[in-house]
Undergrad: 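Have a look at this one before I ask anything.
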There are 2 protein chains.
Amino acid sequence: MIERDNPLEGYLAKIESRRPLSQDARDAFLALPVEPEHYDIYREIVREDDRTSRCCLIIQGCVSRFKTLPNGERQINSFHFDNDMVDLQSALLLVSDHGIRTHSPTTVLRIDCNAVLQLTIDQPEWAHAFWFDTLVDAAVFREWMLNVGRRVAVGRVGHLILEIFHKLSRIGRTEGYKFVMPITQNDLADAVGLSAVHTNRSLQQLREHGMISSIGRTFSIDDFEAMKRLSSFDPAYLHPAGPRVVNPECS
Amino acid sequence: MIERDNPLEGYLAKIESRRPLSQDARDAFLALPVEPEHYDIYREIVREDDRTSRCCLIIQGCVSRFKTLPNGERQINSFHFDNDMVDLQSALLLVSDHGIRTHSPTTVLRIDCNAVLQLTIDQPEWAHAFWFDTLVDAAVFREWMLNVGRRVAVGRVGHLILEIFHKLSRIGRTEGYKFVMPITQNDLADAVGLSAVHTNRSLQQLREHGMISSIGRTFSIDDFEAMKRLSSFDPAYLHPAGPRVVNPECS
DNA sequence: TGAAGTTCGCAACCTTTGTTGGATTCAAAC
DNA sequence: GTTTGAATCCAACAAAGGTTGCGAACTTCA
């Protein structure tokens with residue numbers, strides 16, 4: 001009864017690339033009731049302090065999670081692209097402590113949280129899959145905290161560019177070392193804890209040192225190794241290898 | 001067969017204060033094999049890049065999670081106290097992307113990750129409990145990212161003091177608005193993305209404004225409301241209310 | 001093709017935070 | 001007590017980053 005082009009299949013493939021699932025688990029997931037929604041650029045999918053009861057899975061596009069101060073200053077916590085499950089936390093947490101906003105026209109799938117929770121009870125494999133996703137999110141937050149708290153401006157911007165490049169390359173949105181940057185300098189600034197002007201200065205510096213170049217929104221990473229060194233970027237924090245397996249042969 | 005003074009009982013009580021467990025789930029948890037260990041102040045329990053296979057539960061003391069830059073600069077990601085399960089992430093992630101270090105003499109319980117994972121398979125209640133813990137961790141990371149990225153120095157320090165006060169009060173380590181600060185100014189600085197000198201300046205400012213006072217390590221919060229306003233502290237991000245329940249009456 | 005709205009680039013000036021070096025207090029050990 | 005080392009405090013100066021304002025370039029859409 002599963003149709004061929006179930007929009008959940010992209011996420012399923014991503015999960016299974018980390019560890020294959022049983023047929024039961026696969027079917028149970030694909031049977032989740034979903035509601036597709038389309039948002040224009042700069043729409044708030046989830047407002048801060050919302051009591052939401054639906055997770056959302058990005059089919060295609062780009063969103064950020066963010067928090068704001070009473071004076072209006074905004075800190076972006078993470079960016080998410082195709083096949084990212086964004087609001088998993090609303091499955092268990094009652095109130096959302098942050099907002100979610102699009103940075104380009106974006107198609108998302110809304111999934112009821114109770115259905116997600118029930119899935120984790122019926123299929124423990126999914127409990128692990130979602131928990132793993134949450135752990136990776138947390139790892140990225142820690143790295144960003146280091147970025148914003150301790151790296152110098154140019155290192156911060158370099159680090160973010162490499163992370164975005166890394167994420168885009170996994171969903172086929174890069175060509176060699178070229179990609180179109182889906183985020184404005186203003187929003188990069190909000191992610192990196194700098195003013196927009198200083199973010200621009202930092203980009204200039206990266207260009208001067210021959211590390212990147214750009215034509216319009218199309219960026220090119222010209223000296224990947226220098227970028228990595230400058231921003232001490234190590235993709236390990238993105239945990240690309242997938243989860244530990246239960247009772248592995250090694251101690 | 002469960003002894004009266006099982007050291008796991010503190011954490012169990014904390015979990016059950018959020019939502020009661022079934023007797024089976026309770027017993028299975030208390031039956032986990034554990035190894036108590038004691039550490040002096042400033043010992044590394046987990047090194048960065050370690051491949052660890054044991055979670056640790058703090059029985060009594062204070063630890064931080066942190067990351068360091070190649071140049072030695074350190075960013076503390078979170079502080080943890082009695083009855084916090086600290087390295088839950090090692091249950092699923094293969095390599096630790098951060099270190100864990102004591103800030104006072106600390107007793108921890110080491111629990112094998114495979115045993116933890118098995119528990120989540122046998123008792124789905126525990127899968128939710130641990131997932132919830134991870135989600136709260138992530139929420140705290142987001143708030144700290146906002147702190148470090150966007151708040152002014154004095155607000156950052158104020159916010160951290162309120163969080164520590166809040167956490168200590170939940171484990172009975174406060175008296176009214178007084179508590180002994182378990183962390184040096186140097187380490188507060190590492191948590192807040194400032195230099196130690198500027199952290200000290202910020203503490204002076206809080207004193208000048210009559211918001212806090214201290215004798216030795218004993219701090220007193222003298223104007224709680226002003227502190228909250230100054231640092232836009234709202235304990236909601238600590239999610240004290242516990243998890244959402246499955247299939248609740250409300251839609 | 002042209003107009004409006006974004007986004008980007010840049011210079012001058014200002015504010016915050018970092019650095020250095022040293023004095024003082026505090027706590028534990030002798 | 002005295003000593004020792006850590007933690008705290010403080011002032012002067014340096015550096016990094018923020019702010020403002022404006023103009024150029026690029027998109028989008030009519």
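In the text below, chain A, chain B and the rest are named by the order of the sequence lines, each starting its count at 1. What you are looking at is a predicted structure, and each value in this text was computed from that prediction instead of being measured.
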Undergrad: Inspect the surroundings of CD in B:Glu48 and state if more than 12 heavy atoms from other residues, nucleotides or ligands are less than 6.0 Å away.
TA: yes

Undergrad: B:Ile41 CD1 to D:dA7 P: how many Å, rounded?
TA: 7 Å

Undergrad: Return the value, rounded to whole Å, for the distance between atom CG of B:Leu194 and atom P of D:dT8.
TA: 15 Å

Undergrad: Take the protein atom CG of B:Asn186 and the nucleotide atom P of C:dT19, then report the distance between them rounded to whole Å.
TA: 12 Å

Undergrad: Reading DNA chain C from 5' onward, which residue's closest nucleotide shows up sooner: A:Arg201 or A:Thr184?
TA: A:Thr184

Undergrad: Which one, C:dA11, C:dT19, C:dC8, comes nearest to the side chain of A:Asn200?
TA: C:dC8

Undergrad: Whether the side chain of B:Lys228 engages the backbone of B:His159 through a donor-acceptor N/O pair (distance < 3.5 Å, no angle test) should be reported.
TA: no

Undergrad: Rounded to whole Å, please give me the gap between CZ in B:Phe219 and C1' in D:dA7.
TA: 11 Å

Undergrad: Using a 4.0 Å heavy-atom cut-off across all strands, classify B:Arg156 as base, sugar-phosphate, or nothing.
TA: nothing

Undergrad: Using a heavy-atom cut-off of under 4.0 Å over every strand shown, decide if A:Leu203 touches base, sugar-phosphate, or nothing.
TA: nothing

Undergrad: If I take atom OH in residue A:Tyr42 and atom C1' in nucleotide C:dT6, what distance separates them, rounded to the nearest angstrom?
TA: 9 Å

Undergrad: Establish, from distance only, whether the side-chain atoms of A:Thr134 and A:Asp137 form a donor-acceptor pair under 3.5 Å.
TA: no

Undergrad: Consider the side chain of A:Val152, meaning its heavy atoms from C-beta on, and name the nucleotide among D:dG17, C:dT7, D:dA11 that approaches it most closely.
TA: D:dG17

Undergrad: May I have the distance from A:Asp40 (atom CG) to D:dT27 (atom P), rounded to whole angstrom?
TA: 18 Å

Undergrad: Between D:dC10 atom C1' and B:His198 atom NE2, what is the distance in whole Å?
TA: 14 Å

Undergrad: Is any side-chain nitrogen or oxygen of A:Gln185 closer than 4.0 Å to OP1 or OP2 of C:dG9?
TA: yes

Undergrad: In this structure, how many angstroms lie between the C1' atom of C:dA11 and the CD atom of A:Gln204, rounded?
TA: 13 Å

Undergrad: Do B:Arg207 and B:Ser214 get their side chains close enough for a donor-acceptor pair, meaning under 3.5 Å?
TA: yes

Undergrad: Once the angle between the rings of B:Tyr177 and B:Phe165 is folded into 0 to 90°, is it parallel (under 30°), tilted (30 to 60°) or perpendicular (over 60°)?
TA: parallel

